[in-house]
Amino acid sequence: MTAVRQDAWSPDDDLILAEVTLRHIREGSTQLAAFEEVGERIGRTSAACGFRWNSCVRKRYEDAIQIAKQQRQKRNYMKKQTYAAATPHVSAINVLDTEERAYKNDPLTEESLSIDSVIRFLRQWKGTYQELNRQIKTLERDLREKDEELFTLRELNERLSLEVNNAQTDYRAVNDDYKTLIQIMDRARRLTVLTEEDEAKPRFKMDANGNLERIE
């Protein structure tokens, strides 16, 4: 049990109280833990150490307290960066916890990463994971439907391409036949004209006296 002293505080006692309290502030600990440690070292109660700190010693170390708080913030920032690089999930928890504490105007400390924060993050992550799975299944179903539609369109394209090729072949054959028929008909027409002209020309024969005689 910690002894209770009735004598006055010495400069050494004040120095120990200041050094230990500033160290706890730098390390992100609580002042109550600092007062308990000081009380065990100098034989006083933690309540007495707290009263001495708040009523007297604190005023002499205002600048040192601000520096210790800055060092604590830098220490917490470096730890957060290390956690973020090593464990992405813990980093995500810190982000969620930081946002909530910013909303509540509550500073982030090492104690902020509580079991409740982890549980809350896991629940939110579970919901996100389920939603991602649902979206993935929907995309897979849509992809299968698109694959089937693409396969059907490819078959239709091949069938239509074959029909177009056959139609082009038939067209060329018909076109060649048509040209041949036109040529035949043109030659027949020319032959008919020539025959009619030959029949229309008068024909003559020579008699015994050497005179030409027209043949009817």
Side-chain angles (χ1 to χ4, degrees), residues 1-140:
M1 181 176 180
T2 304
V4 179
R5 293 173 52 176
Q6 301 297 327
D7 56 318
W9 284 75
S10 66
D12 290 338
D13 292 339
D14 288 343
L15 182 60
I16 293 173
L17 176 60
E19 290 177 349
V20 173
T21 304
L22 290 173
R23 173 166 55 81
H24 278 261
I25 293 175
R26 284 195 303 272
E27 294 176 354
S29 181
T30 62
Q31 292 185 6
L32 179 59
F35 300 154
E36 290 176 350
E37 180 179 343
V38 173
E40 291 179 357
R41 290 180 59 177
I42 64 177
R44 296 181 184 272
T45 62
S46 59
C49 294
F51 180 82
R52 179 68 177 178
W53 169 258
N54 292 318
S55 63
C56 182
V57 180
R58 181 186 181 92
K59 300 176 182 179
R60 301 198 299 264
Y61 291 90
E62 291 293 339
D63 293 339
I65 291 172
Q66 295 301 321
I67 294 174
K69 289 181 178 180
Q70 293 175 0
Q71 292 175 342
R72 180 186 63 191
Q73 292 177 353
K74 184 177 181 181
R75 179 189 182 95
N76 290 336
Y77 176 79
M78 295 301 296
K79 284 185 176 181
K80 285 168 58 180
Q81 293 296 106
T82 303
Y83 292 153
T87 55
H89 294 306
V90 174
S91 176
I93 295 174
N94 288 337
V95 170
L96 293 174
D97 197 60
T98 301
E99 292 178 351
E100 182 178 352
R101 288 180 172 274
Y103 175 77
K104 295 180 179 180
N105 197 22
D106 188 11
L108 181 65
T109 62
E110 293 183 1
E111 290 82 5
S112 301
L113 192 59
S114 63
I115 296 299
D116 291 338
S117 299
V118 175
I119 293 175
R120 183 170 59 255
F121 167 75
L122 292 177
R123 287 176 177 173
Q124 294 177 353
W125 177 252
K126 180 181 179 181
T128 303
Y129 177 76
Q130 291 175 345
E131 177 63 19
L132 288 175
N133 274 341
R134 187 188 64 78
Q135 294 180 3
I136 289 174
K137 291 180 180 179
T138 301
L139 290 175
E140 288 178 347

TODO: Sequence neighbours left out, what passes salt bridge (Lys or Arg N to Asp or Glu O under 4.0 Å) with Glu140? Give chain and number order.
DONE: none
Task: Gln130: partners by side chain to side chain contact (heavy atoms under 4.5 Å, CB included), with sequence neighbours left out - done: Lys126
TODO: Measure the acute angle between the ring planes of Trp53 and Phe35, then classify it against the limits of 30° and 60° as parallel, tilted or perpendicular.
DONE: tilted
Open item on the list: Can you see whether Gln70 engages Gln66 through a side-chain donor-acceptor pair at a distance of less than 3.5 angstrom?
Closed with: no
Task: Note, Ile65 side chain near Arg58 side chain (heavy atom, < 4.5 Å) - done: yes
Open item on the list: The criterion is side chain to side chain contact (heavy atoms under 4.5 Å, CB included); which residues satisfy it with Ala33, sequence neighbours excluded?
Closed with: His24, Ser29, Thr30
Open item on the list: Please report the interatomic distance OG(Ser46) to CZ(Phe51), rounded to the nearest 0.5 Å.
Closed with: 14.0 Å
- [ ] Give a yes or no on whether Asn133 atom CG has more than 12 heavy-atom contacts from other residues, nucleotides or ligands under 6.0 Å away.
- [x] yes
Open item on the list: My understanding is that only residues two or more places apart in sequence, or in another chain, count here; which of them pass salt bridge (Lys or Arg N to Asp or Glu O under 4.0 Å) with Arg23?
Closed with: Glu37
Task: Separation between CG of Leu32 and OG1 of Thr21, rounded to the nearest 0.5 Å - done: 11.0 Å
Task: Exercise: identify the closest heavy-atom pair between Cys49 and Arg44 - done: SG-CB, 4.2 Å
- [ ] Check for a donor-acceptor pair, side chain of Asp13 on one end and backbone N or O of Trp9 on the other, with a separation under 3.5 Å.
- [x] no
Open item on the list: What I'd like to find out is whether the side chain of Arg75 reaches to under 4.5 Å of the side chain of Met78, using heavy atoms alone.
Closed with: no
Open item on the list: Could you work out, with side-chain hydrogen bond (donor to acceptor under 3.5 Å, both in side chains) as the rule, every residue matching Glu36, not counting sequence neighbours?
Closed with: none
Open item on the list: With rounding to the nearest 0.5 angstrom, report the OG to CD1 distance, Ser10 to Ile42.
Closed with: 7.5 Å
Task: Distance in Å, Glu40 CD paired with Thr45 OG1, rounded so as to fall on 0.5 Å steps - done: 12.0 Å
Open item on the list: Quick check: closest heavy atoms across Ala68 and Ile25, and the distance to 0.1 Å?
Closed with: CB-CG2, 3.7 Å
- [ ] Starting at NZ of Lys69, measure out to CG of Leu22 and round the result to the nearest 0.5 Å.
- [x] 11.0 Å
Task: Beyond-backbone contact of Arg52 with Val38, side-chain heavy atoms, under 4.5 angstrom - done: no
Task: For Arg26, all residues meeting salt bridge (Lys or Arg N to Asp or Glu O under 4.0 Å), sequence neighbours excluded - done: none
